[in-house]
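Some notes on the structure that comes next.
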Amino acid sequence: EVQLVESGGGSVQAGGSLRLSCTASGFTFDDFDMGWYRPAPGNECELVSSISSDGSTNYADSVKGRFSISQDNAKNTVLLQMNSLKPEDTAVYYCAAAPFLVHTVVVACGESDFGYWGQGKQVTVSS
């Protein structure tokens with residue numbers, strides 16, 4: 001059974017930091033790109049950050065310089081460190097795994113044909 005189990009997140013004041021963790025099982029972690037999405041206007045999810053199967057990272061312009069993605073292949077885990085958080089970062093963040101995730105900037109949240117999804121973790125940033 002494929003699982004993406006997320007942890008972390010929570011509530012913080014603007015300028016604070018939070019970390020999200022996603023642990024994968026049930027598929028070959030090294031063969032998939034991993035990423036974090038959050039809902040955007042129009043009932044779709046936008047890519048916040050991704051890390052490819054070869055370790056290349058990418059970030060949405062809105063989080064560049066503030067968020068950092070990393071992965072631990074030995075633990076099948078991907079992390080998203082979020083610093084200098086802003087109220088507009090408030091959202092449910094979804095971990096996802098897909099073969100070509102790094103090229104998919106917008107996707108229907110939870111789309112099963114796209115790849116695997118976590119259950120989502122709430123991040124709330126107060127001003």
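The ring-ring contact (aromatic ring centres under 6.0 Å, His included) test applied to Phe29 returns no partner, not counting sequence neighbours.
Two residues are said to be in side-chain contact when any heavy atoms from C-beta on lie closer than 4.5 Å; Thr104 and Tyr37 meet this criterion. Residues Ser21 and Thr77 form a side-chain contact, since some pair of their non-hydrogen atoms from C-beta on lies under 4.5 Å apart. Side-chain atoms of Glu6 and Gln119, non-hydrogen and from C-beta on, do get closer than 4.5 Å to each other. You'll find the side chain of Thr23 stays beyond 4.5 Å of the side chain of Val78, heavy atoms only.
Under the 4.5 Å side-chain heavy-atom criterion for grouping Ile, Leu, Val, Met, Phe, Trp and Tyr, Val12 is not connected to Leu79 through any hydrophobic cluster. Grouping the Ile, Leu, Val, Met, Phe, Trp and Tyr side chains by contacts below 4.5 angstrom, directly or via other members, places Val125 with Leu80. A continuous path of hydrophobic side-chain contacts links Trp117 to Val92 [ILVMFWY only; heavy atoms under 4.5 Å]. Grouping the Ile, Leu, Val, Met, Phe, Trp and Tyr side chains by contacts below 4.5 angstrom, directly or via other members, places Leu85 with Trp36. Following chains of ILVMFWY side-chain contacts shorter than 4.5 Å, one cannot reach Ile69 starting from Leu101, and the two form parts of different hydrophobic clusters.
A distance of 5.0 Å separates OG in Ser126 from CD in Gln13, rounded to the nearest 0.5 Å. Taking NE2 from His103 and CG from Leu47, the interatomic distance works out to 11.0 Å, rounded to the nearest 0.5 Å.
Residues Gln71 and Ser52 come closest through the heavy atom pair NE2-O, 3.9 Å. Scanning both residues, Pro87 and Ala14, for their nearest heavy atoms gives CD-CB, 4.1 Å. Heavy-atom minimum distance, Gln81 versus Ser17: NE2-CB, 3.9 Å. Residues Phe114 and Ala96 come closest through the heavy atom pair CE2-CB, 4.4 Å. The minimum heavy-atom distance linking Leu20 with Gly8 is given by the pair CD2-C, 3.9 Å.
Among Cys95, Ser53, Ser50, Ser49, the one residue that satisfies the side-chain contact (heavy atoms from CB on, under 4.5 Å) test with Met34 is Cys95.
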*Given side chain to side chain contact (heavy atoms under 4.5 Å, CB included), test Asp89 with Arg38 step by step and report yes or no.*
CA-CA 9 Å; Asp89 294 319; Arg38 65 189 183 191; 3.2 Å; yes
_Show, in sequence, the C-alpha distance, side-chain angles and deciding distance for Tyr116 and Phe27, and conclude whether the ring pair (Phe, Tyr, Trp, His ring centres under 6.0 Å) test is met._
CA-CA 10 Å; Tyr116 306 127; Phe27 64 95; 5.0 Å; yes
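More than 12 heavy atoms of other residues, nucleotides or ligands shown are found within 6.0 angstrom of CD on Gln122.
Under 3.5 Å, the side chains of Ser56 and Asp54 contain a donor-acceptor pair of N or O atoms.
Applying the salt bridge (Lys or Arg N to Asp or Glu O under 4.0 Å) definition to pairs two or more places apart or across chains, none involves residues 101-122.
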